[in-house]
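Note sheet for the following structure.
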Amino acid sequence: MPRYNPKEVEPKWRAAWAEAQVFRAETGSAKPKYYVMEMFPYPSGRLHVGHARNYSMGDVVARFKRAQGFNVLHPMGWDAFGLPAENAAAERGVDPSAWTHDNIDVMRQELQRLGVSIDWSREFATCDPGYYGKQQAWFLRLWRRGLVYRKEGLVNWDPVDMTVLANEQVIDGRGWRSDAIVERKKLNQWFLRITDYADELLECLKTLDRWPEKVRLMQENWIGKSQGLRLTFPFTGPAPAGFEHGVTVYTTRPDTLFGASFVALSPDHPLTEALAAADPRVAAFVEECRKGGTSEAEIETAEKLGFDTGLKVAHPFDPAWQVPVWIGNFVLMDYGAGAIFGCPAHDQRDLDFARKYDLPVTPVVLPPDADAASFAVGDEAYVDGGRIYNSGFMDGMEVGAAKAAAIAKAESLGLGEGTTVYRLRDWGLARQRGWGCPIPIVHCEACGIVPVPEADLPVTLPQGMDFGRPGNALARHPTWKTTTCPGCGGPAERETDTLDTFVDSSWYFARYPNPDAAEPIDKAAANYWLPVDQYIGGIEHAVLHLLYARFVTKALRDEGMLEVDEPFAGLFTQGMVTHETYRRQNGEWLEPAQVDIASEGTTRRATLKETGEPVTIGDIEKMSKSKRNVVAPADMADTYGVDAARLCVLSDSPPERDVQWTSAGVEGAWRLVGRVWTEFDAEPSSKAADPARETELRRATHKVIKAVTDAIEGWRFNSAIARLHAFVGVVRQHPEAGEARREALSALARLIAPYAPHLAEECWQRLGESGLIAAAPWPIYDPTLAEDEERVLPVQINGKRRGEIRAGAGASEAEVEKMVLDDPEIARRLEGLSIRRVIVVKDRIVNIVAA
RNA sequence: GCGGGCGUGGCGGAAUUGGUAGACGCAACGGACUUAAAAUUCGUAGGGCCGAAAGGCCCGUGCCGGUUCGACCCCGGCCGCCCGCACCA
């Protein structure tokens, strides 16, 4: 009997799928729709096993839902703008567009080879003018809505990638791609008003019940809603020009206002700037504050620095009470009001500051069991609840009531208002890079900032940008900038910034329903398909892409372009595939395939295969092209076929968990492929099937259908494969020809099809089925057959297993109890003991309590 | 500091609602097939102890305690690891 040969079988069935167009999604079909997609990849060059795992997962879901009778949309595209293309251009002098498209061609071919059931008719890349031109169109519509604005402000500057970054793209004080320490820089920047949607973005998280709790929490924390009081402290003496109203602070603890001992301004506060302009000592202090780094370690150890401005403000609740105004290096300009009042007794940071500069510490919240006469604050601020004292009209109130009372009082005095403050900042979305979507704006000396008319879109990137030097290749292009003003026809310059690539990925799911539409979004098609029923991607996008996409969906909805509130009804965050990293002594990263590893006891030494030179073994990290710690699924597929590779990446590990890559699993997957095929290929046994054995096989078949169906629905792909392994063993034990075996094989082929689709087609054909298994219905189990007729019930005595009995399914407690007590073995065990209680859990277990 | 998660054999992991812990796979060992090897196939296997064997006993899901007839699962307290946020007023 010939062995299963994936090299022959697999291409044949891919051709058959393409021919029959089985993966084509029809908008408006009468079947229920199911939109499943994985986060589209950046076309970096080749697929690694992390990609293979991710897209195999999505494909299991897509094929499963298709078999269950859904009209499935499973599209693919390319997140194709971004820095790696520019870097390739700089290093090798290639054109970023050509480089990107070459990569796309390679990766498309690899994905197709994996047999992923994608509707390729909807494919696009974000660097296609047909895509980014539509993006420019909606960008301008949001501009007209006032959601896009330009402002000079402090921005995050990545000195290596030489571009501005959004807050979400600064991780631990470093650029998310370059890992360079981010600098604060004052620049004219473009922003999207994501903060207008802060409350809705927060509220709608509650409706996303098919999202991981973790992601919702991360977004909730990122949005960072807090309720508090915005309050003004009026100046007691002559006020600095422009600040006649006083100093406005934000606090979440208005109940502690009577414990105030200072007001502190941010070094970036306008009043600080005014003072610095007039007083070189203030200017020197501000300079000192800016020196500190932004990394975690530096912030953690940074000393609290203060500068007494000499100014005094009046306490809002007691005009006679003078409070000094300081400048504090720890006060952030872009949160709250950029100024705080300090209550050292009940805030640790304020306490540290007060101790250092010898400011008063007055407790105003009395802990429940403390004595008002003796309670004092030492080195630790008291931050918990209690009763308010030393606080005039608030005396005796609990913290919550006192907050409300303080807000009411401030409002009645006209000095403040209760407000909600968010941590979320507006989305800075311009990048000083050449390989991105041009911002469709021109700068006219006469008219100022003028949007390009929609009819003139797309504003396309020019040919011949020079990426050989650092900086923005678009800005230094010899002619591209030069244009005429669409308003007055006079000379004008194009905006040279491009959009953050996260803009590109913030709406692509709404383009797949009709990727050729004249409008950015074909509303009818989008209404049919959206929201995405199941989105699959990495946790690293929890507050990046996933927040931006939610925001853009809402903004486009308000513009009338979409009708859904949320883009992704279901989200699954798959684990990363990791691998050790290897570095040559000169620092060059090496691929695992280039390295030999030798183990001596517990130490492992690595050497370069070619030269034998020593190699440093580095951290285990997510597979990425930059660290070169990638293993290609194609290597596995070359040896064992695509189906074994797919089974391998989904076996053994739950999909949400990170896995450290080893090639060990592929052998097991390959054996499964072989064992399955052997059963289909075997000559039927001439032995007649006996009814008892037929029933046994039928029960196993219906059980495995239930188990695999449940496992796929619960994202336990590894368990589903384990059940299939076991089931093949059962089928093997039942070689007798007959209806039961045929039923078993038919189920087996269809159950394994989402994982090993080529093998499944071959098996299906061998069974004599005429159609494609890719279009065959999912097997349905008979619940009565999926349950055993007879149960083995373990019998415990005092919680320890002491035997077992056999009872019919559903046997009553009384029946079972009688059987147990009649059992001679159990009786022997109970000798000399008196039975206190017998607990029978129907169809499960028996426990006898005896002493 | 705040928020979240995880901890089970040599390894990856299973146990879906509190009911036989270790399914399935990898690696290992033994048998069959083979001149031999590979491939394939059948089998063994948490640890310890008693026994010639059949079989039996004890321990066991990071640690300590609790609830329960019964706990990997629930509760309290520790230890360790991982992730997110963080001078957020």
Side-chain angles (χ1 to χ4, degrees), chain A residues 3 171-172 212-222 224 226 228-229 249-254 256 264 266 292 294 296 298-305 328-332 334-343 346-350 352-353 383 421-423 539-540 542-543 647-648 651-654 656-660 662-672 674-675 678 707 710-711 713-714 716 718-729 732 792-804 836-850:
Chain A
R3 276 181 72 194
I171 316 287
D172 242 7
E213 181 66 20
K214 181 185 170 75
V215 175
R216 287 188 286 166
L217 266 164
M218 281 166 72
Q219 291 211 357
E220 193 180 316
N221 292 338
W222 188 263
S226 86
L229 170 65
V249 304
Y250 172 74
T251 180
T252 56
R253 292 295 303 272
T256 65
S266 164
T294 50
E296 186 183 337
E298 281 166 309
I299 286 169
E300 197 67 27
T301 54
E303 207 180 343
K304 304 273 173 290
L305 293 178
N329 66 339
F330 59 91
V331 184
L332 304 174
D334 51 9
Y335 182 78
I340 60 158
F341 88 84
C343 175
H346 305 293
D347 182 284
Q348 190 59 43
R349 195 196 40 218
D350 294 347
D352 295 344
F353 190 79
V383 297
V421 163
Y422 298 91
R423 209 187 73 99
I539 187 83
E540 67 272 20
V543 287
L647 283 164
C648 172
S651 296
D652 294 347
S653 207
E656 69 279 7
R657 206 171 299 185
D658 290 351
V659 287
Q660 202 187 326
T662 87
S663 53
V666 71
E667 292 277 349
W670 169 238
R671 265 171 228 153
L672 177 60
R675 281 157 57 95
T678 302
D710 291 352
E713 273 166 357
R716 295 184 306 276
N718 51 328
S719 297
I721 294 171
R723 295 303 297 253
L724 289 170
H725 264 285
F727 184 58
V728 176
R732 190 181 200 94
V792 175
L793 304 190
V795 179
Q796 297 181 331
I797 296 173
N798 293 328
K800 293 197 171 157
R801 190 176 188 280
R802 287 295 185 251
E804 61 186 36
R836 296 268 166 84
R837 221 177 128 185
V838 179
I839 293 135
V840 178
V841 181
K842 207 173 190 179
D843 291 342
R844 276 252 146 100
I845 198 168
V846 181
N847 192 12
I848 302 167
V849 188

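So you know, we letter chains A, B, ... as the sequences are listed, proteins then strands, and number each from 1. All values derive from a computational prediction rather than experimental measurement.
Counting only heavy atoms from C-beta outward, the side chains of A:L672 and A:L647 approach each other to under 4.5 Å. You'll find the side chain of A:V331 stays beyond 4.5 Å of the side chain of A:N329, heavy atoms only.
Rounded to the nearest Å, the gap between the C1' atom of B:rG48 and that of B:rA38 is 39 Å. Taking atom P in both B:rG18 and B:rC72, the straight-line distance is 13 Å, to the nearest Å. Distance check on atom P: B:rA39 versus B:rG12 gives 24 Å, rounded to whole Å. For the P atoms, the distance linking B:rA45 with B:rG56 amounts to 15 Å, nearest Å. A distance of about 43 Å separates the C1' atoms of B:rC49 and B:rA36, rounded to the whole Å. Separation of the P atoms belonging to B:rU16 and B:rA21 is 13 Å when rounded to the nearest angstrom. Of the P atoms belonging to B:rU40 and B:rU20, the separation is 35 Å, rounded to the nearest Å. Comparing B:rA71 with B:rU61, their P atoms are spaced 11 Å from each other, to the whole Å.
Residue A:G799 is the one, among A:G336 and A:G799, whose nearest nucleotide of RNA chain B lies closer to the 5' end (criterion: closest heavy atom). Nearer to the 5' terminus of RNA chain B, by closest-nucleotide assignment, is the contact made by A:V543 (compared with the other of A:V543 and A:I340).
Nearest to the side-chain atoms of A:R423 among the listed nucleotides B:rC87, B:rC58, B:rA86 stands B:rA86. Closest approach to the A:V331 side chain among B:rA86, B:rC57, B:rA89 is made by B:rA89 (side chain taken as heavy atoms from C-beta onward). Distances were taken from every side-chain heavy atom of A:W222 (C-beta onward) to each of B:rA86, B:rC87, B:rC83; the shortest belongs to B:rA86. Listed candidates were B:rA14, B:rG12, B:rG84. Nearest to the side chain of A:S653 is B:rG12. Side-chain proximity of A:R732 to the nucleotides B:rG3, B:rC42, B:rC69 is greatest for B:rC42.
Nucleotide B:rU40: paired with B:rA32 (Watson-Crick or G-U wobble, both distances less than 3.5 Å). Pairing for B:rC81 is with B:rG5, a Watson-Crick or G-U wobble pair whose two hydrogen-bonding atom distances lie under 3.5 Å. Base pairing annotation: B:rA86 forms no Watson-Crick or G-U wobble pair, as no partner gives both donor-acceptor distances under 3.5 Å.
Between the side chain of A:Q796 and the main chain of A:I845, no donor-acceptor pair closer than 3.5 Å is present. A:N798 places a side-chain N or O within donor-acceptor distance of the main-chain N or O of A:A850, the cut-off being under 3.5 Å. Side-chain N or O atoms of A:R423 include one that pairs as donor or acceptor with a backbone N or O of A:W222 at under 3.5 Å.
For A:R723, the salt bridge (Lys or Arg N to Asp or Glu O under 4.0 Å) criterion is met by no residue, not counting sequence neighbours.
Taking NE2 of A:H725 as the reference point, atom CZ of A:R671 lies at 9.5 Å (rounded to 0.5 Å).
Because its glycosidic torsion is more than 90° from 0, B:rG65 is reported here as anti.
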Short N/O separations, protein against nucleotides 17-26 of chain B, under 3.5 angstrom:
{"residue": "B:rU20", "atom": "O2", "partner": "A:R801", "partner atom": "NE", "Å": "3.0"}
{"residue": "B:rU20", "atom": "O2", "partner": "A:R801", "partner atom": "NH2", "Å": "3.1"}
{"residue": "B:rC26", "atom": "OP1", "partner": "A:R671", "partner atom": "NH1", "Å": "2.4"}

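The separation between A:K304 atom NZ and B:rC87 atom P is 10 Å, rounded to whole Å. For the pair A:E656 CD and B:rC6 C1', the computed distance is 12 Å after rounding to whole Å.
The side chain of A:K214 places no N or O atom within less than 4.0 Å of a non-bridging phosphate oxygen (OP1 or OP2) of B:rC82. Dashed line: the shortest gap from a side-chain N or O of A:R657 to OP1 or OP2 of B:rA14 is under 4.0 Å. Between A:R349 and the phosphate of B:rC88, there is a side-chain N or O to OP1/OP2 separation shorter than 4.0 Å.
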Does A:S226 form a side chain to side chain contact (heavy atoms under 4.5 Å, CB included) with A:T252? I'd like the steps, not just the answer.
CA-CA 7 Å; A:S226 86; A:T252 56; 3.7 Å; yes
